[in-house]
Undergrad: 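Structure in structure tokens, see below.
Note that the structure is predicted; figures quoted are calculated from it, not measured.
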Amino acid sequence: MMKNKIKKKHFIKGLVLIVVFGIVLFCRQPATAFALQITPLAMTEMYTTSGTPVYAAPDVYSPVVVYLDRFINVRVTGITDNGFFQVDLNGPYYIPGPYIVPRIEPEKTEKQKALEDLDDFTEAYRTLLEQMASYSETFALIDVTGDGIPEIFDAAGKEIYTYYDGHAVMMYYSEYPVTFYYSKKDNKLLGKYTWNKKDIWEVYTKDVSLLPWGQFKCFSTATSSHDAPAVARDYKNDADTRGDLYNILKKMLEL
């Protein structure tokens, strides 16, 4: 009986040692091999990407000292043989190669996106004009939001469409035929319509509080059109014009 107790005691002790040893092995960080060779670079400035980690040593298992936000300027002094940049942040630290870039790429404007997406842009507007053909024999193309993309005005001035997320979307609708005047200098759209035998003047601005592409909203009244020229519906909504729409839009976007 005593022998069984001794055996059981040694078994439990051995089991505990095995478990402890296993935990130590599990928690231990993998063996690291720090880059020993650093190629010096002439002091140059580069920029961080989003959430850039800064390491104490050129190894992903070394401690992360800090995470930097996007577009932070850092001074690069060298590159390691495993692809880390050595940077000077009041001392030598290391950033993995993919996390910094030599220059900041500005965000593309809506105009640039539309130009790159010109085939889809043209098809969206062409489809819309085909749908409008029964009630709008002419239309205008003019940028009234200041983003470089020309919007479509129907013949009566009741509807305005723009290009957003691959398709044409309505920005404005009125129950009354509206004559629009546009001041390119002030990027201001004026609208004139008749109600109760009175000419009503309104000033419109783009409101993006509800819709991501914006919509036109009246925010004040004006007594006259000042020096703003009338928006001319000088494009015919016919097969020839729709067939040449790619070239028309391309020319406007490249201005």
Side-chain angles (χ1 to χ4, degrees), residues 110-111 113-115 117-208 211-219 221-222 224-255:
E110 293 301 318
K111 184 176 181 177
K113 293 176 185 177
L115 189 55
D117 198 27
L118 188 53
D119 286 330
D120 292 339
F121 184 13
T122 303
E123 187 59 31
Y125 268 19
R126 182 180 290 129
T127 300
L128 177 61
L129 289 170
E130 288 173 352
Q131 296 172 353
M132 291 169 54
S134 61
Y135 62 88
S136 183
E137 295 181 355
T138 60
F139 66 96
L141 275 175
I142 187 170
D143 173 24
V144 293
T145 61
D147 60 0
I149 297 178
E151 283 78 36
I152 290 180
F153 288 64
D154 74 349
K158 289 185 176 183
E159 302 172 9
I160 299 177
Y161 295 87
T162 192
Y163 178 74
Y164 178 80
D165 198 21
H167 59 282
V169 293
M170 183 180 289
M171 292 189 71
Y172 174 80
Y173 174 76
S174 171
E175 295 180 0
Y176 308 98
V178 181
T179 301
F180 284 104
Y181 299 84
Y182 176 57
S183 172
K184 193 174 183 66
K185 176 182 176 183
D186 301 323
N187 191 29
K188 183 181 293 184
L189 187 69
L190 305 173
K192 177 185 176 184
Y193 64 91
T194 302
W195 184 73
N196 277 350
K197 298 182 179 180
K198 292 184 178 180
D199 288 339
I200 307 297
W201 283 91
E202 292 181 333
V203 181
Y204 298 88
T205 185
K206 187 179 179 184
D207 175 20
V208 293
L211 298 175
W213 61 83
Q215 59 187 348
F216 282 119
K217 178 181 179 182
C218 172
F219 73 96
T221 59
S224 71
S225 64
H226 304 292
D227 60 349
V231 175
R233 278 68 166 182
D234 49 5
Y235 289 99
K236 290 185 178 181
N237 192 358
D238 56 19
D240 289 340
T241 303
R242 294 193 296 268
D244 194 38
L245 196 57
Y246 180 95
N247 294 323
I248 294 171
L249 293 173
K250 185 173 186 292
K251 183 177 181 180
M252 298 184 76
L253 291 172
E254 288 180 338
L255 291 177

Undergrad: Could you walk me through whether V178 and K192 pass the side-chain contact (heavy atoms from CB on, under 4.5 Å) check?
TA: CA-CA 6 Å; V178 181; K192 177 185 176 184; 5.7 Å; no
Undergrad: Looking at K206 and G214, what are the two nearest heavy atoms and their distance?
TA: CE-CA, 4.0 Å
Undergrad: Using modelled atom types and a 3.5 Å cut-off, is there a donor and acceptor pairing between side-chain atoms of D147 and backbone atoms of I149?
TA: yes
Undergrad: Among side-chain atoms of D199 and T194, is any donor-acceptor pair under 3.5 angstrom?
TA: yes
Undergrad: Can you tell me how far the OH atom of Y204 sits from the CZ atom of F216, to the nearest 0.5 Å?
TA: 10.0 Å
Undergrad: Assess, by modelled atom type and distance only, whether the side chains of Y135 and E159 contain a donor and an acceptor separated by less than 3.5 Å.
TA: yes
Undergrad: Output, in order, the C-alpha distance, side-chain angles, deciding distance and verdict of side-chain contact (heavy atoms from CB on, under 4.5 Å) for I160 and Y173.
TA: CA-CA 7 Å; I160 299 177; Y173 174 76; over 6 Å; no
Undergrad: Does any N or O in the side chain of S136 come within less than 3.5 Å of the main-chain N or O of M132, such that one atom is a donor and the other an acceptor?
TA: no
Undergrad: Starting at CG of D154, measure out to CE of M170 and round the result to the nearest 0.5 Å.
TA: 8.5 Å
Undergrad: Under a 3.5 Å distance rule, please check whether D207 uses its side chain to pair with a backbone N or O of Q215 as donor and acceptor.
TA: no
Undergrad: With rounding to the nearest 0.5 Å, note down the distance linking OG1 in T241 to OH in Y235.
TA: 9.0 Å
Undergrad: Specify the closest pair of heavy atoms between L253 and P150, including all atoms of both residues, with the distance to one decimal.
TA: CD2-CD, 4.1 Å
Undergrad: Check the pair Y181 / L189 against side-chain contact (heavy atoms from CB on, under 4.5 Å), numbers first and verdict last.
TA: CA-CA 6 Å; Y181 299 84; L189 187 69; over 6 Å; no
Undergrad: Before we go on, tell me: are the rings of F153 and F180 under 6.0 Å apart, centre to centre?
TA: yes
Undergrad: I'd like to check Y246 versus L118 (side-chain heavy atoms, cut-off strictly below 4.5 Å). Are they in contact?
TA: yes
Undergrad: Name the residue from L115, L249, L245 that meets the side-chain contact (heavy atoms from CB on, under 4.5 Å) definition with F121.
TA: L249
Undergrad: Quick one: closest heavy-atom pair of D117 and D120, and the distance?
TA: OD1-OD2, 3.0 Å
Undergrad: Please report the shortest heavy-atom distance between A124 and G166, naming the atom on each side.
TA: CB-O, 4.1 Å
Undergrad: Taking the side chain as C-beta and beyond, is there a heavy-atom pair between V169 and Y161 under 4.5 Å?
TA: no
Undergrad: Is the number of heavy atoms from other residues, nucleotides or ligands within 6.0 Å of NZ (K217) greater than 12?
TA: no
Undergrad: Given the rule in the side-chain contact (heavy atoms from CB on, under 4.5 Å) test, do Y125 and R242 qualify, once you have shown the distances and angles that lead to the verdict?
TA: CA-CA 9 Å; Y125 268 19; R242 294 193 296 268; over 6 Å; no
Undergrad: Quick one: pull up CG in N237 and CD in Q131 and give me the separation to the nearest 0.5 Å.
TA: 11.0 Å
Undergrad: Is it the case that over 12 heavy atoms from other parts of the model lie below 6.0 angstrom from the NZ atom of K188?
TA: no
Undergrad: Check whether R233 reaches the backbone of V231 with its side chain - one donor and one acceptor, N or O, closer than 3.5 Å.
TA: yes
Undergrad: Would you name the heavy atoms of K158 and E175 that are closest together and state the gap between them?
TA: CE-O, 3.8 Å
Undergrad: Is the number of heavy atoms from other residues, nucleotides or ligands under 6.0 Å of E254 CD greater than 12?
TA: yes
Undergrad: Atom CD of residue position E130 - does it have more than 12 heavy atoms of other residues, nucleotides or ligands inside 6.0 Å?
TA: yes
Undergrad: Nearest 0.5 Å please: distance from the CD atom of E151 over to the CD1 atom of I142.
TA: 9.0 Å
Undergrad: How many angstroms lie between atom OG1 of T162 and atom CD of E110, to the nearest 0.5 angstrom?
TA: 8.5 Å
Undergrad: Can you find a heavy atom in the side chain of E202 that is under 4.5 Å from one in the side chain of L190?
TA: no
Undergrad: So, the side chain of T138 versus the backbone of D234: is there a donor-acceptor pair under 3.5 Å, distance only?
TA: no
Undergrad: Check P212 against Y164 and note the closest heavy-atom contact, atom names and distance.
TA: CB-OH, 3.3 Å
Undergrad: Taking the six-membered ring where the residue is Trp, are the ring centres of Y163 and W213 under 6.0 Å apart?
TA: no
